[in-house]
Amino acid sequence: MLRKMQVEDIEAVAALDSECFPLPWQEEQYRYELHENPFAHVYVLEVDDRIIGYIDFWITFETCQLAKIAVAPAYRGQQYAHSLMDVMIATAKQEQCETISLEVRVSNEAAHKLYEHYDFIKVNVRKAYYQDNGEDADFLIKALGGNCI
């Protein structure tokens, strides 16, 4: 089941974030996304009443920015990330966004394959973007219509 994140989900989402990323967000950051960030759209994906994935994206004017996406390691390779991406893209289109952008580690081959499936294109490299090890990030954009790029 895919649904909007609720405050009761914060602990589970933060735990999943810690499982998936070397620099996870703290619970306070998710509280901020839910209660104070007017641009944030946060969804969770549940299987058997367990949160196994989430997506956080921001919509400002005509732009959508993917902030976070994760699927629990035991559930990867089963198209769950596609469900999360689909809700972001549908929401961005509904909100009349022209583009979706994101940063991804240059070494994250699985994420690159996911984004390629959705026709994201690399437009830049952000040098030493990740604080944990100084790894570069590829900056990707997807056009949603019109003459965006």
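For the pair P38 and E36, the tightest heavy-atom approach, listed with the atom from each and the gap, is CD-O, 3.0 Å. F21 approaches I69 most closely through the heavy-atom pair CZ-O, 3.2 Å. Smallest separation of non-hydrogen atoms from V104 and A111: CG2-CB, 3.6 Å. In terms of heavy-atom proximity, I59 sits nearest to C97 at CG2-SG, 3.6 Å. Residue W58 comes nearest to A40 through the heavy atom pair CD1-CA, 3.6 Å, listed as atom of the first residue, atom of the second, then distance. Shortest non-hydrogen contact noted between R105 and D132 is NH2-OD1, 2.9 Å.
Note on K113 versus E109: no salt bridge recorded, every NZ/NE/NH1/NH2 to OD/OE distance being 4.0 Å or above. With respect to D136 and R126, no salt bridge is recorded, no charged nitrogen being found less than 4.0 Å from a carboxylate O.
If you take CD on Q29 and CG on D56, they are separated by 10.0 Å, rounding to the nearest 0.5 Å. A distance of 8.0 Å separates NZ of K142 from CE of M85, quoted to the nearest 0.5 Å. One finds the NZ atom of K122 at 7.5 Å from the NE2 atom of H112 (value rounded to the nearest 0.5 Å). Distance check: L102 CG to M88 CE gives 7.0 Å after rounding to the nearest 0.5 Å. Separating the CD atom in E46 from the CD1 atom in I52 is a distance of 9.5 Å, to the nearest 0.5 Å. In this structure, CG on L23 lies 6.5 Å from CD on Q131, to the nearest 0.5 angstrom.
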Going through the distances and angles, do F61 and E98 end up as a side chain to side chain contact (heavy atoms under 4.5 Å, CB included)?
CA-CA 9 Å; F61 304 106; E98 296 175 0; over 6 Å; no

Residue pair V123, I121: steps toward the side chain to side chain contact (heavy atoms under 4.5 Å, CB included) verdict
CA-CA 6 Å; V123 295; I121 59 169; 4.2 Å; yes

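Following chains of ILVMFWY side-chain contacts shorter than 4.5 Å, one cannot reach M1 starting from V47, and the two form parts of different hydrophobic clusters. When the side chains of ILVMFWY residues are joined at heavy-atom separations under 4.5 Å, either directly or via intervening members, L114 and Y80 end up in a single hydrophobic cluster. L66 is connected to I89 through a chain of hydrophobic side-chain contacts under 4.5 Å among Ile, Leu, Val, Met, Phe, Trp and Tyr, so both are in one cluster. The hydrophobic cluster containing V13 does not contain Y32, counting ILVMFWY residues as joined when their side-chain heavy atoms lie under 4.5 angstrom apart, directly or transitively. Connection of Y118 to I55 is established within a shared hydrophobic cluster, with ILVMFWY side chains joined at heavy-atom distances below 4.5 Å, either directly or through further cluster members.
Taking 4.5 Å as the limit, every side-chain heavy atom of L45 sits out of range of all side-chain heavy atoms of I51. Side-chain atoms of L34 and I10, non-hydrogen and from C-beta on, do get closer than 4.5 Å to each other. Y54 has its side chain out of reach of L84: every pair of non-hydrogen atoms, C-beta onward, lies at least 4.5 Å apart. Side-chain atoms of T60 and Q65, non-hydrogen and from C-beta on, never get closer than 4.5 Å to each other. Taking 4.5 Å as the limit, every side-chain heavy atom of K68 sits out of range of all side-chain heavy atoms of F57. Contact check for Q6 versus D9: side-chain heavy atoms found under the 4.5 Å cut-off. Using a 4.5 Å heavy-atom threshold, the side chains of Y43 and R3 count as separate. Contact of the I100 side chain with the I141 side chain is not registered, since no non-hydrogen atoms from C-beta on lie closer than 4.5 Å.
Side chains of E33 and W25: no donor on one and acceptor on the other come within 3.5 Å. Using modelled atom types, one finds no donor on one side chain facing an acceptor on the other under 3.5 Å when comparing Y115 with D138. Using modelled atom types, one finds a donor on one side chain and an acceptor on the other under 3.5 Å when comparing E135 with S107.
A 6.0 Å sphere centred on CD of Q96 holds no more than 12 heavy atoms belonging to other residues, nucleotides or ligands. Counting heavy atoms of neighbouring residues, nucleotides and ligands inside a 6.0 Å radius, atom CD of E11 does not exceed 12 of them.
D48 places no side-chain N or O within 3.5 Å of a backbone atom of R50 that could act as its donor or acceptor partner.
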